[in-house]
Amino acid sequence: GDIIRVENNEFFPADLVLLSSSEPEGLCYIETANLDGETNLKIRQASPDTAKLTSSSAASTLRGNMVSEQPNNSLYTFDATLNIQLSSTPGFSGTPMRKAPLSPEQLLLRGAQLRNTPWVYGLVVFTGHETKLMRNATATPSTSAPTEPMPGRTRHSSPRCRSRRP
């Protein structure tokens, strides 16, 4: 996936795994009011294995893969493992990997907003209709009244309402 930088007060454009932030220990603060109506800030923390990637050049050196759960609508669960390549030698086969477990503590959901944190780097996990936000979207219920006839009344159509063709 792509690694993106999100600045303070910006909304996350996709579901991301928090890699690092401007704050010590890879902490960041998010507001999820668009997702769950809660306006209190929530703390997220990057994995200690990625928290040191605090520049675009450092973040671009990250090599490996991520094994993740399938897209789902659960806003409060996330289970994945980031397999980080330990050697940066290109083409090195049999590269040892460090397994970094990921949980909801590292997940930044599309529609949430970064607050009181200058910036974060995040690894894109789900986009478009696969994001947890979109998986939770439901069709807007119709607000019009039912058009069933009332008991004891007959429906008539007015001749003036019919469309006329020349």
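Positions are given from 1 along the sequence.
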What is the distance from atom [atom1] of [X] to atom [atom2] of [Y], rounded to the nearest 0.5 Å?
X	Y	atom1	atom2	result
L133	L109	CG	CG	8.0 Å
C28	Y121	SG	OH	14.0 Å
L108	I4	CG	CD1	9.0 Å
D15	T131	CG	OG1	5.0 Å
N83	M66	CG	CE	10.0 Å
L53	L123	CG	CG	11.0 Å

Which pairs count as salt bridge (Lys or Arg N to Asp or Glu O under 4.0 Å) when at least one residue sits in residues 37-52, sequence neighbours excluded? D36-K42, E38-K42, D49-R98

Only pairs at least two apart or in different chains count here, so list each salt bridge (Lys or Arg N to Asp or Glu O under 4.0 Å) that has a residue in residues 125-137. E69-K132

Backbone N/O of E25 and side chain of Q45: donor-acceptor pair under 3.5 Å: yes

Taking all non-hydrogen atoms of both residues into account, name the closest pair between [X] and [Y] and its distance.
X	Y	answer
A100	S47	CB-OG, 3.8 Å
N73	N136	O-ND2, 2.6 Å
F126	A14	O-CB, 3.3 Å

Determine, using the 4.5 Å side-chain heavy-atom cutoff (strictly less than), whether [X] and [Y] are members of one ILVMFWY cluster.
X	Y	value
F78	V6	no
Y76	V125	yes
L18	Y29	no
I84	V124	no
I3	L16	no

May I ask you to test the [X]-[Y] pair for a side-chain heavy-atom distance under 4.5 Å?
X	Y	result
F12	I30	yes
L82	L19	yes
E23	P118	yes

Taking side-chain hydrogen bond (donor to acceptor under 3.5 Å, both in side chains) as the cut-off, I'd like each qualifying pair that reaches into residues 103-119, sequence neighbours left out, listed once.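 Non-adjacent pairs meeting side-chain hydrogen bond (donor to acceptor under 3.5 Å, both in side chains): N9-R115, E31-R115, S103-Q106.
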
